[in-house]
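Numbers restart at 1 for each chain; the letters A, B, ... are given by sequence-line order, proteins then strands.
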2 protein chains.
Amino acid sequence: MELSKLDAIDCKILEVLQRDGRISNVDLAAEVHLSAPQCFRRVRALEERGVVRGYRALVSGPSLGLAVTAFVSVNIEGAAFERVRDIERQLRDFPEVLEIHTVSGDSDYLLKVVASDLRHLGQLLTDRLMQIKGIADVRSMVCLEEVKPPSALPVSGT
Amino acid sequence: MELSKLDAIDCKILEVLQRDGRISNVDLAAEVHLSAPQCFRRVRALEERGVVRGYRALVSGPSLGLAVTAFVSVNIEGAAFERVRDIERQLRDFPEVLEIHTVSGDSDYLLKVVASDLRHLGQLLTDRLMQIKGIADVRSMVCLEEVKPPSALPVSGT
DNA sequence: ACTGAAATCGCGTCAAC
DNA sequence: GTTGACGCGATTTCAGT
């Protein structure tokens with residue numbers, strides 16, 4: 001967890017694994033100029049320390065019929081502040097809601113959502129999110145173009 | 001690319017791979033009740049069709065010293081519309097800028113950015129983003145809590 | 001044509017130096 | 001930190017349906 005113990009080789013490993021999470025240990029070892037067992041020990045240590053939180057396949061939304069991405073800002077009614085955790089749980093339970101952040105600024109929450117089309121998005125926002133008691137001011141920003149796709153975290157040592 | 005050819009087993013495979021991108025082929029085969037070669041062929045087909053776009057290690061921002069996440073909305077000055085692609089390239093080149101979307105609504109772009117602390121974030125916004133010619137109205141929403149972390153795309157067949 | 005059994009080869013992984 | 005060894009898994013081939 002502490003960066004104190006992340007040296008340049010750890011950083012290089014993280015950079016490679018963020019690019020190709022399925023690289024073989026021997027190829028990774030070669031890329032970072034380490035012997036395979038050494039490299040393996042480093043990777044396991046990074047996993048155990050929680051620096052590497054897991055590995056995910058990146059799936060294309062459109063291939064799954066999810067053509068629409070939107071960011072949705074949500075406010076909570078003043079009278080509902082004691083039920084925020086319950087509201088959060090309800091939001092979290094929607095599979096279309098991929099991310100939920102509480103944020104500073106004009107709105108309380110910012111959500112990233114996907115939907116198959118605009119009709120589905122509208123139905124999700126109007127008939128489901130807005131029906132949650134305590135939610136007000138649902139505003140959506142539909143993504144028109146992906147100028148930079150979700151990218152790797154910058155690693156200082158490079 | 002077409003969902004027409006995604007049957008229930010493909011969906012199950014995608015679901016598992018989004019959860020554990022490094023699962024071994026034999027374990028994956030067992031989970032979806034397929035023989036190993038069959039499962040292997042399915043996965044390769046999904047990769048070749050672009051349904052699976054790659055595999056990524058998930059790295060913890062805080063362990064890298066990146067404690068702050070923010071969403072930043074950006075507008076382009078009317079006079080600069082012919083230079084949008086150049087502005088986009090400049091935005092894309094910041095390693096702290098993880099995602100860029102063009103969006104409908106009040107702002108032209110929505111960015112997801114990371115920084116080591118608020119000082120770094122402020123410096124990034126004021127001294128670097130706002131210095132780009134043609135950019136106006138930089139507004140930031142600092143993430144306070146991650147209520148739902150970036151999650152798997154919902155797969156219909158489940 | 002598609003499935004699964006078998007066979008090979010390379011890698012992950014551990015133990016000893 | 002490196003070398004070597006062992007066993008398992010990935011990947012291909014091939015025969016059967």
Side-chain angles (χ1 to χ4, degrees), chain A residues 1-60 62-65 150 152-153 155-158, chain B residues 1-60 63-65 152-153 155-158:
Chain A
M1 214 75 167
E2 276 69 49
L3 41 159
S4 45
K5 304 196 75 176
L6 286 183
D7 65 11
I9 296 179
D10 289 324
C11 290
K12 183 75 180 152
I13 288 175
L14 292 173
E15 197 194 317
V16 175
L17 285 179
Q18 284 192 91
R19 177 161 39 80
D20 178 6
R22 265 200 110 136
I23 190 172
S24 80
N25 184 56
V26 296
D27 289 349
L28 177 57
E31 280 215 46
V32 303
H33 309 295
L34 236 50
S35 70
Q38 273 299 2
C39 183
F40 179 72
R41 286 195 271 262
R42 294 252 191 177
V43 171
R44 191 171 45 192
L46 290 169
E47 289 167 356
E48 281 168 359
R49 286 160 66 195
V51 178
V52 172
R53 299 173 91 126
Y55 302 88
R56 303 277 182 267
L58 214 74
V59 175
S60 139
S63 338
L64 292 178
L153 293 175
V155 179
S156 37
T158 43
Chain B
M1 214 75 168
E2 275 70 48
L3 40 160
S4 46
K5 305 199 74 176
L6 286 182
D7 65 10
I9 297 180
D10 289 322
C11 289
K12 183 77 180 152
I13 288 175
L14 292 173
E15 197 194 316
V16 174
L17 286 179
Q18 283 192 91
R19 177 162 37 81
D20 178 6
R22 264 198 109 130
I23 190 172
S24 79
N25 182 57
V26 296
D27 289 350
L28 177 58
E31 279 214 46
V32 303
H33 309 296
L34 238 49
S35 71
Q38 274 296 11
C39 183
F40 179 74
R41 287 192 271 261
R42 294 251 190 179
V43 172
R44 191 173 44 192
L46 290 169
E47 289 168 355
E48 281 168 0
R49 285 160 65 194
V51 178
V52 172
R53 298 174 91 125
Y55 301 88
R56 303 276 182 268
L58 216 74
V59 175
S60 139
S63 344
L64 292 178
L153 294 175
V155 179
S156 39
T158 42

Return the polar atom pairs (N/O with N/O) between nucleotides 14-17 of chain C and the protein under 3.5 Å, or none.
from, atom 1, to, atom 2, distance (Å)
C:dC14, OP2, A:R44, NH1, 3.1

Between B:R42 and B:D7, is any pair of side-chain heavy atoms under 4.5 Å apart?
yes

Nearest-Å distance for atom pair CG/P, residues B:N25 and C:dG4:
13 Å

Looking only at heavy atoms, which two atoms of B:L153 and A:S60 are closest? And how far apart?
CD1-C, 4.1 Å

Heavy-atom pair with the smallest gap, counting every atom of A:Y55 and A:V43:
OH-CG1, 3.8 Å

With a 4.0 Å cutoff (strictly under), does any side-chain N or O of B:S35 reach OP1 or OP2 of C:dA5?
no

Taking atom P of C:dT13 as reference, at what distance in whole Å does atom CG of A:L28 sit?
12 Å

Nearest-nucleotide pick for A:Q38, side chain only, options being D:dA10, C:dC2, D:dT2:
D:dT2

Just wondering, do A:L46 and A:L6 contact through their side chains at under 4.5 Å, heavy atoms?
yes

Does B:R19 pair with B:E31 as a salt bridge, N-O distance under 4.0 Å?
yes

Considering non-hydrogen atoms only, spot the tightest contact between A:A29 and A:A36 and give its length.
CB-CA, 3.8 Å

Over its full length, what angle do the end axes of the helix from C:dA1-D:dT17 to C:dC17-D:dG1 make, each axis taken from five pairs and the result rounded to 10 degrees?
20°

Separation between CD of A:E15 and NZ of A:K12, rounded to the nearest 0.5 Å:
4.5 Å

Does the A:R22 side chain pair with the main chain of B:I23, one donor and one acceptor, at a distance under 3.5 Å?
yes

Closer to the 5' end of DNA chain C via nearest nucleotide, is it B:L34 or A:A36?
B:L34

Interatomic distance where CZ belongs to A:R22 and P belongs to D:dA10 [whole Å]:
8 Å

